Amino acid sequence: MKLPEKLEEKVQKIAKPISIWYPIIIIVSIPLLLIINTLWNLKTFNRDINYFIRHQASSIADTIKAQITENIDNVEKIDSILSLTKNNNEELAGIAILKAENQSFVYYGGTISPEERAGIEKSGLNQMAIGFNNSFAGLTYDPVSQKNLWNVSVPLNNQKTYILFLKMRTDQVDTLLKRTSRDSYIILTILVVITLILLSNHFLFYTKAMKAREIEELDKLKDEFISIAAHELRAPMTGLVGYLELLRDKISPDQMPKVEGDLTTLDSLSRDLNSLIDDLLDVSRIEQGRLKTITSEVNIDEIINKVLTTFAPVAKSQSLELIYQKTDIPTIYSDPDRVRQIIINLTSNAIKYSQKGTVTITVIKNKNEVEISVKDTGIGIPADKISTLFTKFGRVRDDKTAEVRGTGLGLWITKQIVEILGGKISVQSIYGSGSVFSFTLPLNPIPGK
Ligand code: ADP
């Protein structure tokens, strides 16, 4: 069977996934940006330390420059100035003067041990310091202390002859750097964990949303299917009823007694089927908001009289008395066909569920509304079932209702129509004694309805 185009489109839509990428990109990019930011900050911090150490070394050099220049020919004096300087500056691991000779540098004096002297003489920082007449710093690992040391080369005078070479400890900076790095990595780890939790939540939420959407779409699809199926059933049913009539006419009077019973059963079955189709169509119209109402003056008295005339034969066959109690019946403005449908549903139920007694229809005029009640002396409804009566397919299933055919849609439809017309419906019942279904309708239509 080929599905109608609209239905097929809907089926396609279910298969189309909702875009999940935007939230994922956002969730992932925030910590990613923070990681880049942290790494960048650590790098900048390192570079700033380089500046700071060079500056510190230059300050030390500036303080002792004059003294050194003055005593440059007195190596002993130089040694004592440098020793004093080292003792006064905690972060100094060693300090020395190097002299430029034939494109290279030789140790002139200071506190550097003989084993380390060759190393500082060959340091590339010296060439750069002399070349650019500026201090240069570089980080090296000192195997003796097993720590990083900053080597700083500071040119001492404009003749480019002497260089002040300082070995500076990085302990304080290292501790600071370690602490900063550790804090940054802890924050990053927390962020990564949060990201993972967010991602997994997102996927859970996404799966749930997809399921809910699918169910919603399937529900709509089901409603449309019911609506289409009911429409399609309507034509053959009308044909069937017509042919039944024809058949009845063609049967000769002497044959009639033989088939009368079967024909009556066929009639009743086709009526049941017809009302089921009507109910299904109403359900889908209401659910899809397509139930149209046409407002005009409603003659309640006439409607009730006609309904009672229609049901009179059935009531008579059950020895039920139909009573109509009317007081001052007001003129109301509503949808006459829908009002008739409500009264038919309630009266038909009252007759269906009563084996004896009376069915009484009462009309009362209240301030701004009219109240119509259908009271019966039938089987009644168990108290715990009353709340489910107005739900779809809500039926009381017990010995008393076992023989009564029904779909459980009638009261749901009735309630929806009453509410669409701006009224309210209620029920009072005593199990075993009877029920009263009452509904109200405004005297004038609700604006916008
Ligand atoms: P249906 O009659 O087709 O089952 P309805 O929605 O009209 O569906 O009614 C729902 C149920 O409410 C019925 O199955 C019946 O159990 C109960 N009910 C409705 N009207 C009456 C009544 N007047 N007396 C007793 N029970 C009733």
Side-chain angles (χ1 to χ4, degrees), residues 223 226 230 233 237 268-287 291 304 307-308 310-312 314-325 337-363 371-421 423-440:
D223 289 346
I226 290 177
L233 281 171
M237 266 316 293
S268 133
L269 286 175
S270 60
R271 248 199 316 274
D272 282 356
L273 255 176
N274 253 334
S275 79
L276 172 65
I277 291 169
D278 284 343
D279 281 355
L280 286 178
L281 283 173
D282 275 342
V283 169
S284 64
R285 275 189 209 115
I286 291 167
E287 283 192 327
L291 190 98
I304 295 176
V307 171
L308 290 178
T310 317
F311 283 109
V314 199
K316 201 176 166 202
S317 72
Q318 288 177 221
S319 306
L320 271 174
E321 190 188 347
L322 298 181
I323 304 167
Y324 179 21
Q325 282 180 341
D337 290 336
R338 296 297 170 194
V339 175
R340 180 180 304 107
Q341 189 178 351
I342 298 166
I343 298 173
I344 288 177
N345 275 355
L346 297 182
T347 314
S348 140
N349 275 353
I351 295 171
K352 247 182 10 177
Y353 297 103
S354 304
Q355 278 102 30
K356 57 176 178 16
T358 55
V359 170
T360 312
I361 301 183
T362 313
V363 183
E371 187 178 330
I372 302 169
S373 309
V374 181
K375 182 180 172 191
D376 65 58
T377 51
I379 59 171
I381 301 151
D384 61 323
K385 295 288 182 319
I386 286 188
S387 59
T388 59
L389 291 188
F390 294 104
T391 59
K392 244 188 274 172
F393 305 108
R395 298 201 75 205
V396 177
R397 289 170 209 280
D398 59 19
D399 298 348
K400 292 179 180 168
T401 58
E403 294 299 309
V404 189
R405 282 221 298 273
T407 57
L409 289 173
L411 281 182
W412 182 83
I413 295 169
T414 306
K415 182 175 189 275
Q416 303 301 313
I417 296 175
V418 169
E419 285 172 2
I420 287 170
L421 296 179
K424 285 200 175 89
I425 189 164
S426 60
V427 58
Q428 285 180 330
S429 184
I430 297 172
Y431 191 46
S433 297
S435 319
V436 191
F437 284 84
S438 307
F439 70 97
T440 61

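In listed order, ligands and their atoms are each counted from 1. All of these numbers come straight from a predicted model, not from anything done at the bench.
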Q416-D282 side chain donor-acceptor pair, cut-off 3.5 Å:
no
Hey, are D223 and S284 close enough side-chain-wise for a donor-acceptor pair under 3.5 Å?
no
Is the backbone of Q325 close enough, under 3.5 Å, to the side chain of T362 for a donor and an acceptor to pair up by distance?
no
Purely on distance, is any nitrogen or oxygen of D376 under 3.5 Å from one on ligand 1?
yes
Using a plain distance cutoff, I'd like to know if Y353 has any nitrogen or oxygen under 3.5 Å from a nitrogen or oxygen of ligand 1.
yes
Please confirm whether the backbone N or O of L409 pairs with a side-chain atom of T407, one donor and one acceptor, at under 3.5 Å?
yes
Could you tell me whether I430 atom CD1 has more than 12 heavy atoms of other residues or ligands within 6.0 Å of it?
no
Under a heavy-atom criterion of less than 4.0 Å, does F390 contact ligand 1?
no
Which residue holds the protein heavy atom closest to atom 1 (P) of ligand 1, what is that atom called, and what is the gap in Å?
G408 N, 3.5 Å
Would the number of heavy atoms belonging to other residues, nucleotides or ligands and lying under 6.0 Å from NZ of K424 be above 12?
no
What do you reckon, does L389 have a nitrogen or oxygen under 3.5 Å from a nitrogen or oxygen of ligand 1?
no
Any side-chain to backbone donor/acceptor pair from K352 onto R405? Under 3.5 Å, distance only.
yes
More than 12 foreign heavy atoms under 6.0 Å from CD of Q318: is that the case here?
yes
Does G378 come within less than 4.0 Å of ligand 1, judged by its heavy atoms?
no
Considering non-hydrogen atoms of the protein only, which is the closest contact for atom 4 (O) of ligand 1, and what is the distance?
R395 NE, 2.5 Å
What is the closest protein heavy atom to atom 11 (C) of ligand 1, and at what distance does it sit?
G394 O, 3.5 Å
Has ligand 1 got any nitrogen or oxygen that is less than 3.5 angstrom from a nitrogen or oxygen of T407?
yes
Look at atom 19 (C) of ligand 1 and say which protein heavy atom is nearest, naming residue and atom and giving the distance to 0.1 Å.
N349 ND2, 3.6 Å
D384 vs Y431, test: side-chain hydrogen bond (donor to acceptor under 3.5 Å, both in side chains). Steps then yes/no.
CA-CA 10 Å; D384 61 323; Y431 191 46; over 6 Å; no
At less than 4.0 angstrom from any non-hydrogen atom of G380, what atoms of ligand 1 do you find?
25 (C)
Might you work through the side chain to side chain contact (heavy atoms under 4.5 Å, CB included) test for M237 and I277, ending with a clear yes or no?
CA-CA 9 Å; M237 266 316 293; I277 291 169; 3.4 Å; yes
Interfacing atoms of ligand 1 (cut-off 4.0 Å, heavy-atom, K352)
1 (P), 2 (O), 3 (O)
Which of the ligand 1 atoms, numbered from 1, are nearer than 4.0 Å to a heavy atom of L409
6 (O), 8 (O)
Does an N or O from G406, backbone or side chain, lie closer than 3.5 Å to an N or O of ligand 1?
no
Find all atoms of ligand 1 within a distance of less than 4.0 Å from any non-hydrogen atom belonging to A350, and give their numbers and elements.
23 (N)
If you scan protein heavy atoms around atom 5 (P) of ligand 1, the nearest is L411 N, 3.6 Å
Who gets closest to atom 26 (N) of ligand 1 by heavy atom: T414, I381, V396?
I381
Does a donor on one side chain and an acceptor on the other come within less than 3.5 Å for D278 and S275?
no
